[in-house]
Amino acid sequence: MLRRRVEPEALDGLAADDPVAEHSRRDLRRVHRCMGTRSLLVREMRRLPAPATGSMRILELGAGDGSLLLGVARDLAPSWPPVDLTLLDRIAVVDARTVARYGRCGWTVTSSAEDALDWARAATGSRGSPDAARRWDLVVANLFLHHFDGPELALLLAAVAASSDGLMACEPRRGWRALAGSHLVGAIGANAVTRGDAVLSVRAGFRERELTALWPAPRSRWRLREHAVGAFSHFFGATRVEANA
Ligand SMILES: C[S@@+](CC[C@H](N)C(=O)[O-])C[C@H]1O[C@@H](n2cnc3c(N)ncnc32)[C@H](O)[C@@H]1O
């Protein structure tokens, strides 16, 4: 079995407007198509109970350019309540066109340029942060949690549990099939940054019940699901079962 190994990814070291980074973020859209991320999220989100307030508050951690959830918004829009979406990422790369496209689906978007670990420290303690005091119906994380290990990963999960009623995360699956796939992303036109990061991502990915094991107690208040999806993905879902617990 592959041992989990978290290493810095090249995309994270590039400036937001570096053309190589822009190319890599476009690559990620194709990677998500191969992983089937959008349809997985749509399926999972359709199962959520209707929000008590009439609108959904969703936070995406490590949201990148926000394009993945835009596809989700388009699929859900005809049957879903309005959504108040915050796209949090260390760098601000959500453009005005993307925000306008969300608007056409009835989703209002706030882009928050913040380190997710700062957000998590604030959400679990008393440090000030614009989004720390907020509660979320749902937190989403895609190709993001695998950047973290040990106490940082536990902190992020604790912050999500403290501030929301649910989490959906679609991460790389750490296994031989996904590793083989990660070596082939050049075939979908991925640049050198994406090709390198894809391999690192799989080695930092998850398997079995690794995220469940890190979810904070008391776990009886949550329905936790963690499993492989398709050839390359690892899904973790947490749903609060005790309202206002
Ligand atoms: C592989 S990309 C995934 C982007 C997007 N979620 C997607 O699936 O297309 C990882 C993203 O996490 C962001 N990121 C990495 N570390 C972060 C941190 N500590 N706080 C906030 N964002 C971070 C990066 O800037 C990048 O946009």
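Basis for what follows: all heavy atoms, side chains included, without hydrogens, waters or symmetry-related copies. In each ligand, atom 1 is the first atom listed, and ligand 1 is the first ligand listed. Along the sequence shown, the residues carry numbers beginning at 1.
- Proximity of H32 to ligand 1, defined as any heavy-atom pair under 4.0 Å, is confined to the side chain (atoms from C-beta onward).
- Formation of a donor-acceptor pair under 3.5 Å by the R38 side chain with backbone atoms of H32 is not found in this model.
- For the pair H146 and ligand 1, the shortest N or O to N or O distance does not fall below 3.5 Å.
- Distances between N or O atoms of D115 and those of ligand 1 include at least one value under 3.5 Å.
- Heavy-atom contacts of H147 reach the following atoms of ligand 1: 10 (C) (cutoff under 4.0 Å).
- Here the protein heavy atom with the shortest distance to atom 20 (N) of ligand 1 is A116 N, 2.8 Å.
- Counting protein heavy atoms only, atom 27 (O) of ligand 1 is closest to D89 OD2, 2.7 Å.
- Ligand 1 has no nitrogen or oxygen under 3.5 angstrom from a nitrogen or oxygen of F144.
- Closest protein heavy atom to atom 2 (S) of ligand 1: L28 CD1, 3.8 Å.
- Judged by distance alone, the side chain of R29 and the main-chain N or O of L68 form no donor-acceptor pair under 3.5 Å.
- Residues L143 and M35 are in side-chain contact: their nearest non-hydrogen atoms beyond the backbone lie under 4.5 Å apart.
- Heavy atoms of D12 come nearer than 4.0 angstrom to ligand 1 in at least one pair.
- Side chains of F236 and E210 form no contact here, defined as non-hydrogen atoms less than 4.5 Å apart.
- Heavy atoms of S67 found under 4.0 angstrom from ligand 1: none, in either backbone or side chain.
- Remark: side-chain polar atoms of D84 are not paired, donor with acceptor, to backbone N or O of R57 under 3.5 angstrom.
- Contacts between R29 and ligand 1, counted as non-hydrogen atom pairs separated by less than 4.0 Å, are absent for every part of the residue.
- A donor-acceptor pair under 3.5 Å links the side-chain atoms of H147 to the main chain of F144, judged by distance alone.
- Salt-bridge annotation for R135 and D165: present, with a side-chain N of the basic residue lying under 4.0 Å from a carboxylate O of the acidic one.
- Side-chain contact between V140 and L61: absent, with no pair of heavy atoms (C-beta onward) separated by less than 4.5 Å.
- Side-chain contact between V160 and W119 is present, with at least one heavy-atom pair separated by less than 4.5 Å.
- Between A198, G62, S112, C170, it is G62 that holds the heavy atom closest to atom 11 (C) of ligand 1.
- Heavy atoms of F148 come nearer than 4.0 angstrom to ligand 1 in at least one pair.
- Side-chain contact check for I188 versus R33: every heavy-atom pair is 4.5 Å or farther apart.
- Annotation: R225, atom CZ; neighbour count of heavy atoms from other residues, nucleotides and ligands within 6.0 Å is above 12.
- Under a 4.0 Å criterion applied to the non-hydrogen atoms of E60, ligand 1 contributes the atoms 6 (N).
- Counting heavy atoms closer than 4.0 Å to ligand 1, residue N142 contributes atoms from both its backbone and its side chain.
- Of the protein's non-hydrogen atoms, the one nearest atom 1 (C) of ligand 1 is L143 O, 3.5 Å.
- If you look at R90 next to ligand 1, the close heavy atoms, those under 4.0 Å, come from the backbone and the side chain alike.
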